[in-house]
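To start, the structure itself, in structure tokens.
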Amino acid sequence: MKSAMQPSGLQKSGLRQSMAWLHTWSGLLVCWVLWLIFCAGTASYYRQEITLWMTPEWHQLAMRPADPVAAAERAIDVMQRRSPHALRWAINLPQARTPALRVYWSEPAQAGSSKRGRFQNVMLDPDSGATLPPPRATRGGEFFYRLHFDLYYMAPETGRWIVGFCTMFMLVAILSGVVTHKRIFKDFFTFRPGKGPRSWLDAHNAVAVLALPYHLMITYTGLVATLFLYMPAGVQVAYHGRQAQMDAEMYPSEPKVKPAGVAAPLTAIAPLMLQAQQRWHGVPAGKVSIDNPNDRHAVVIIEQRGGAHMSRTQPALVFDGVSGALLSSSGDDAPAAATRNTMVGLHIANFAQPALRALFFLSGLAGCAMVATGALLWTLRERNKQRQFGATLAGRCGLRLAEGLNLGAIAGLPIAIGAYFWANRLLPLDAPLRADLEIHCFFATWAAAAVLAQLSPGRAMWRAQLALAALALGGVPLLNGLTTDSHLGVTLLQGRGPLPVAAFDLTLLGLGLLFAYAAWRLRGPGRAAAVAATPADAADRHPDPLRELA
Amino acid sequence: MTPALLPLGAALAYNGMAALCLATERQYGQWRGRGASPTPALRRGLRLAAALALSLAAVACIADAGAAVGIILWLGELSAAALLVAGLWTYATRAALPLGAVALAAALLC
């Protein structure tokens, strides 16, 4: 208990110290999972681009911008021949970030069976309407997106609980970190390299403070995204646990219309799409679905292309499929739903145009750096402490475990990400369960790196793994050059080839160079350490493998 | 002719952050030589200029993308600019200020 007599300065430092404790432990306990969440989440800003890179079969397609109206007409032509009496056709129109024209449909139930037909899909060439062969099986960027909140090898709900738990710790770490940062304004721009733990603290502060709005936003909206899983009480009280009823009220949709069984010609799609585009101030459609085609009860639903609004739900218009009359429009969410959708939309950032998306990506990288520097700081300081004051067996084991986890996570994850891309190009195209195999390659590589890191968490292993990460990521443009015709030589030098593929190659080359630089800084035993070890900083002198990496 | 708002906002954010940086004790010393510290008047002036530049950056971002997305864009530009200033101040102190002037001129002229 503090007495009222204590000077306020002491009280302040007491608060600051308890916040420092909170910051250290809330951060350390979950930092390795947070590293995965931040890295996978940052990659997810470009998940469509990653999918495009991992699907070389689409690279040429991505070069031809398709007109959405013409593409929809083409798809309907094809479906009229292929399955004129389907229950529903759903057409995903080609867009800048997803160049494929894809149609989904399901056949009505066969006579004498109550089961409706299988849900099928086909990829079409938007210009000719020709069926395209299915591309190689891959989860592409979708893997990182799911990994980021569902984890893997477990039920999605379990993963979400773990991620939510870590996110809550993250929020606590951010807020307590702000309170405990003594010189937040004086050291706003400060970075002093080559000074051991001091440099790591400077780097940690810089990436955390300078991108603080992003860190707060992404952590908070991340929690909101899975709010009802963590805090189900409200839904249970208001809806007696009937989630479906709440969903129906939050996202009202047109009631499904049964086919009349009377044939009627389908109205032309082009005027409806132009009408929708006009109503949306020029934003074109992204999806068209047609219920009960060629029936008197046909319904056409036109959904806006994503990316025009912050909310994650897209406005839609519903038309009578025979007369073409506008039946209803959706997209004006109730205030509560709109608030939540906007927060989740802000987290996913589908609305972000290239410049803003790049800023989100950059801030995400700052988040990754914040987690990594924070994790390294703890082991550096703990090792210092143990060197000076000695340590119990438990203390030494804890430090060794944390050092191994740091190495296995911070250097191991980039190697695994590289392995995922290499597997995409090197696995045989007809391998069974190919998409899963790519993911197993990712985890097998990561597990190997993590085990090696635990066996020998020292400087040599850091150098080896950082160098391997540099090769695995930096070698990706070369891999692309050897396995496709849309490599940097074509995309950059000749100006032909999809821009996102070139950007992907260059980004990975840059990341590879970053890891190569880190490995290079760890070369030779202690040359830089000898230079830096002046009497002035003898207090934090220690032959730590990471000390001169900053 | 109207300048492109997005680069203009970025250039303003960078210059605002550079002015803020110059107004801090340590960074001023790094720029002017060890031991030098900005006079209170200079410090006030720099902070005022920074406030003006950062506000104008907000105006440019909001004019470019609307209030909702513009504010997010502005915050993103502030973070990126501050990180760039901090990095340059450490590794290329001399280049940090001229870069701001060049960026602003380029954004206004292009």
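Letters A, B, ... mirror the listed sequences (proteins, then strands); counts begin at 1. For clarity, every value in this text was computed on a predicted model and none was experimentally measured.
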Roughly how far apart are A:M217 CE and B:I72 CD1, rounded to 0.5 Å?
-> 7.0 Å
Does the side chain of A:F188 reach to within under 4.5 Å of the side chain of B:Q27, using non-hydrogen atoms?
-> no
A:A211 and B:S79: which non-hydrogen atoms are nearest, and at how many Å?
-> CA-OG, 3.4 Å
Select one option (side chain, backbone, both, neither) describing which atoms of B:Q30 are under 4.5 Å from chain A's heavy atoms.
-> neither
Region of B:E25 in contact with chain A, defined by heavy-atom distances below 4.5 Å | neither
For B:L83, is it the side chain, the backbone, both, or neither that has a heavy atom closer than 4.5 Å to a heavy atom of chain A?
-> both
Would the number of heavy atoms belonging to other residues, nucleotides or ligands and lying under 6.0 Å from OH of B:Y28 be above 12?
-> yes
Can you check whether B:L75 reaches A:Y214 side chain to side chain, under 4.5 Å on heavy atoms?
-> no
Is the closest side-chain heavy-atom distance between A:F189 and B:T90 below 4.5 Å?
-> no
Pick from B:A80, B:G66, B:C21, B:G76: which one has the most heavy-atom pairs with chain A under 4.5 Å?
-> B:C21
Can you tell which part of A:L359 gets under 4.5 Å to a heavy atom of chain B, answering side chain, backbone, both or neither?
-> side chain
Does some side-chain heavy atom of A:F191 sit less than 4.5 Å from a side-chain heavy atom of B:Y91?
-> yes
Relative to chain B, which segment of A:F360 carries a heavy atom at a distance below 4.5 Å: side chain, backbone, both, or neither?
-> side chain
Under 3.5 Å donor-acceptor, B:T24 side chain and A:K186 backbone | no
The interface call for A:R183 against chain B, heavy-atom contacts under 4.5 Å, is side chain
Side chain to side chain, A:D187 and B:R26, heavy atoms closer than 4.5 Å | yes
In terms of heavy-atom proximity below 4.5 Å to chain B, should A:V207 be classed as side chain, backbone, both, or neither?
-> both
Quick one: pull up CG in B:D64 and CG in A:L356 and give me the separation to the nearest 0.5 Å.
-> 10.0 Å
